[in-house]
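To start, the structure itself, in structure tokens.
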Amino acid sequence: MTVSFIKSSSSNAAASDETAGVTRRTILPVRDYNLAATLTSGQAFRWQLREGAWEGIVGSRWVRLRMEGDWPRHESCRSRRKQAHSFGLGSQGHLTSAATARGRDARAIVAETAEPVNDWQWLADYLQVELDLAGVLATFPDDEPMRAAVAACRGLRLLRQDPWECLASFICSSTKQIVQIQQIVALLCERFGEPVRVPRGREAAFSFPALERIAAARESELRACKTGFRAPNLRAAARMIARGEVDLARLSASSVTEARAGLMRLPGVGRKIADCVLLFASGFQDAFPLDVWVTKALRRLYFPGRRRSLKRLQKFAATHFGPFGGYAQQYLFHYARIHAKLKK
DNA sequence: CCCCAGGGTGGAA
DNA sequence: TTCCACCATGGG
């Protein structure tokens, strides 16, 4: 399926730094985009920070991302400004040092791939650079917890991920820390994924395993990737999807309720993991994954001292946070984790 | 030794 | 209905 290079009214999502055609580098103009928070907030598990840039795999492509302005310190401010100009940003290309340091106010994401790319829309979609974030934030309830959460990680976005990768990753996520989920996913990719092209000198990289490969794997091989008791669920879910019992591609075409019920027929997939897939991959931005962090955050921020069952919290979440409740949830999740880290 | 981690499940109460 | 032990494994 071919998507037009520049979507009609969108703010020129993928403006290449070369006038036309195939290139390994592009500039995605953005406003209010917190790349670090987005890539480390427990949505995706394949991004690594190296030398000031984020490296990961999207689909079958190796990608390196950084906010414009995050150049290495030894490069002069002058050359920085010159580059910004050549990228067509004009006088707006000059960034204040404060914005540069934080990165989130920068006006572009610089993306590099290992292989030449003609159409960059896949990356614009994945990063959701065309989303009107201010419009989303405006729908959040105007209360103190949400104001604090948004202030703590403004510019945080929801990614639009591949449903199978998202589902499989979260089947492996139960009672695991994010670092350990990253480790499991890395092992699955190394052992069951396809090698992808990387820049000269880089270590090998692999795509996320096709569901047919996981369906055909032995349980012991999956357990060897540290999946533990999740291994049989991962394999059985892959087999059910391969048999067509659940159609991941059609989830976004049905109602949230219907899509959620379909996902929950898969072994190892309950309400929480289903909502993760609905929110992170299928575009249901009102799906509200209620995990241990968000549960604690809701109880502490909205019901201090009072007893609230998980059921009632779920009901509260569904009604209080509006049409982009899932988005609000991601801010609360990241906010809660940041503070837990600070409290050590 | 303890407790906890972006949970789900089956059986008991 | 809700509650609870258990499921592997690593980190603190």
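Chain A is the first sequence line, chain B the second, and so forth, proteins listed ahead of strands; every chain is numbered from 1.
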Residues in contact with DNA chain C, drawn from residues 221-230 of chain A - heavy-atom cutoff 4.0 Å: A:Arg223, A:Lys226, A:Gly228, A:Phe229, A:Arg230
Closest non-hydrogen atom pair between A:Cys172 and A:Leu188, with its separation: SG-CD1, 4.1 Å
Beyond-backbone contact of A:Ser173 with A:Asp291, side-chain heavy atoms, under 4.5 angstrom: no
Touch class at under 4.0 angstrom, heavy-atom based, for A:Ser173 against every strand present: sugar-phosphate
Sugar-phosphate only, base, or nothing, as touched by A:Val269 at under 4.0 Å among non-hydrogen atoms: sugar-phosphate
Sugar-phosphate only, base, or nothing, as touched by A:Phe280 at under 4.0 Å among non-hydrogen atoms: base
A:Phe333 and A:Phe280 aromatic centres sub-6.0 Å: no
4.5 Å side-chain heavy-atom contact, A:Asp162 and A:Tyr126: no
Salt bridge (Lys or Arg N to Asp or Glu O under 4.0 Å) partners of A:Arg250, counting only residues at least two apart: none
With A:Glu219 via salt bridge (Lys or Arg N to Asp or Glu O under 4.0 Å) - residues at least two apart: A:Arg223
cation_pi(A:Arg61, A:Trp122) dist<6.0 Å, angle<=45: yes
Sugar-phosphate, base or nothing in reach of A:Gly42, heavy atoms under 4.0 Å: base
Close approaches to DNA chain C from residues 308-329 of chain A, in residue order (heavy atom, under 4.0 Å): none
Heavy-atom check, side chain of A:Glu68 versus side chain of A:Ile109, under 4.5 Å: no
Closest heavy-atom pair and its distance - A:Pro29, A:Ile27: CD-O, 3.4 Å
Contact boundaries on DNA chain C for chain A, cut-off under 4.0 Å to non-hydrogen atoms: C:dC7 to C:dG10
Sugar-phosphate, base or nothing in reach of A:Ser41, heavy atoms under 4.0 Å: base
Inter-nucleotide P distance (C:dA5, B:dC2), Å rounded: 14 Å
A:Lys226 and A:Gln183: CA distance, side-chain angles, deciding distance, side chain to side chain contact (heavy atoms under 4.5 Å, CB included) verdict: CA-CA 8 Å; A:Lys226 309 190 181 210; A:Gln183 190 179 13; 3.4 Å; yes
Shortest non-hydrogen contact from A:Ala37 toward A:His334: CB-NE2, 3.7 Å
Range on DNA chain B touched by chain A, heavy atoms, distance below 4.0 Å: B:dA5 to B:dT9
